[in-house]
Amino acid sequence: MEARFPVLALMLCFSLAVGSSNPVSLRSADSGVSSSFPSNFLFGTASSSYQFEGAYLSDGKGLNNWDVFTHTPGNIADGTTGDIAVDHYNRYQEDLDLMSRIGVNSYRFSISWSRILPKGRFGGVNQAGIVHYNNLINELLQRGIQPFVTLTHYDIPQELEERYRAWLSPQIQEDFRYYAEVCFISFGDRVKHWVTFNEPNVAAIRSYRSGIFPPSRCSGSFGNCSHGDSETEPYIAGHNMILSHAAAVNLYRTKFQVTTTHFPPRMLGIFNLLMKFNVQKEQGGSIGLVLNALWYEPISDSTEDQLAVERALAFFMNWFLDPAIFGRYPEEMRQVLGPKLPEFSSYESRLLKRIGLDFIGINHYTSFYIKDCMFSSCEQGPGASKTEGLALRLEQKNGSYIGEPTAVDWLFVYPRGMEKIVTYIKERYNNVPMFITENGFGQTRDILNDVRRVDYMSSYLDALETAVRKGADVRGYFAWALLDNFEWTSGYTTRFGLYQVDFPSLKRIPRLSATWYKNYIENFIFKVATRGASSL
Ligand code: GBH
């Protein structure tokens, strides 16, 4: 399947070249500035299964950890659940129409693990689940929209929790590998971008340090839980996530992605034949990992605060990216955590390094100041403890916020953070291809004339373009989100949609940002087309 921008761009190019439209008048409709993004750049919107689908007991889906968690009183701000969410499971056709209207060429969504494997590997494959995602993928491709698919976005079959405590047990690696295999076999002929995990950093922290996500585990002053150990469990869970990721990537590389002849044909001919036999089908896609990425500015110019910024990055993001690319944890983490940080065997380490990542997915929304707590003492707060890297996260410096505050308590508008985080990742990881897999703006009121969201997106996209102009290999941008949806512990009180969802009628109503994004993409296509035309 082909991306639709190159096709459209070619059509536009053609019409300009043959003079069927007036290039001058066309150009005047545009700012006249060219775009730094490559012509095959993906523009899309993002979603996740639990936040969008609803249909929580339909067609054989098994219970997942979020079903159980939201049904326990007291966990969600407004007492709601994702039982219905925005009913995307049933209304996906209508939602794809909205995407077509905006003109995106990609859609990032996640598969509900318990819809495919209601009991993990301890039960059968739910065919109705396979049928659902097949329909979704086929409908997307018919519209010229590429599927960009995440295997797990926080939701896992409850069965795994009950059998062996999910991410706390190495057994989950086998379950994740098996689930990935079912997905590659079923959808890999058409899905060319795979993500193993959405934000394993946030999942590990919120499930096992602060305990605000299922299975609600934490200890001491980190939260209010009846079980858990905030100082060790996030790292055990994270370790099993990394090794699960590795199992899926290794499987994809060896059995699905591509058939490479590993040995000259005359030598070891039988071996090659066996390798070929083992390969399901050459799918030729790519596979990566998505992290939540915060940018940090030091609270002062001191060396101590600058080192603290490095630690904050290590403890939040490089915690996963370093193992996935270099096969080891960041030095800063090993120094501070000592034996509390699990270790990779030399086999695991070599495997991780060898398989690597085809791309890094970056969910970037906001930035914070960082104050050192290693050489000076800090009040308690996020990041201040040893287990979080002794780097206190602050919103303000000398009484002013790092960026304009918003209705979402953790979200400050600091577009330079986008340029800086992308540049940092580019430099640390040798410019491996990147996608902005999420970026967006939350509100707590029903505002259709969402000028602040438009300002936010346009300034963050500008900052992203600056990073690309300076050489960052960024290949796509996904707005979070097409629709208002279930915002985890905030329930439906926080709204990130380009379309407002009217509850309970579930009617989708376009906000100003939907129209703005549509125009932005149209302008981009125009710029790409004229870029081509001027070289004719
Ligand atoms: C993403 O999470 C999720 O992928 C998506 O499902 C969600 O709907 C979207 O963003 C909007 O929230 O943790 O308070 O110390 C991002 C959630 C919130 C995680 C801010 C990192 C950093 C500050 N992020 N958080 S805090």
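All ligand and atom numbering here is 1-based and tracks the order in the structure. Remember, it's a predicted structure, so these values are computed and weren't measured experimentally.
For ligand 1, the atoms sitting less than 4.0 Å from at least one non-hydrogen atom of Gln51 are 5 (C), 6 (O), 7 (C), 8 (O), numbered in the order shown with element in parentheses. The atoms of ligand 1 that sit less than 4.0 Å from any heavy atom of His153 are 3 (C), 4 (O), 5 (C), 6 (O). Atoms of ligand 1 found under 4.0 Å from any heavy atom of Tyr154 (numbered from 1 in listed order, with element): 2 (O), 3 (C), 4 (O). Distances below 4.0 Å separate heavy atoms of Asn363 from the following atoms of ligand 1: 4 (O). Heavy-atom proximity to Arg206, at under 4.0 Å, picks out these atoms of ligand 1: 13 (O), 14 (O), 18 (C), 25 (N), 26 (S). Annotation for ligand 1: atoms under 4.0 Å from non-hydrogen atoms of Asn198 are 4 (O).
For the residue pair Asn105/Gln146, the side-chain donor-acceptor check at 3.5 Å is not satisfied. Judged by distance alone, the side chains of Tyr424 and Asn318 do bring a donor and an acceptor atom under 3.5 Å apart.
Nearest non-hydrogen protein atom to atom 20 (C) of ligand 1 is Trp410 CD2, 3.2 Å.
The distance from atom CD1 of Ile402 to atom OH of Tyr369, rounded to the nearest 0.5 Å, is 5.0 Å.
Each of Asp358, Leu352, Ile287, Leu289 was compared with Val249 under the side-chain contact (heavy atoms from CB on, under 4.5 Å) criterion, and only Ile287 meets it.
Cation-pi geometry between Arg393 and Phe316 is met: under 6.0 angstrom from the ring centre, within 45 degrees of the axis.
Atom 16 (C) of ligand 1 has its nearest heavy-atom neighbour, among Asn292, Leu294, Thr150, in Asn292.
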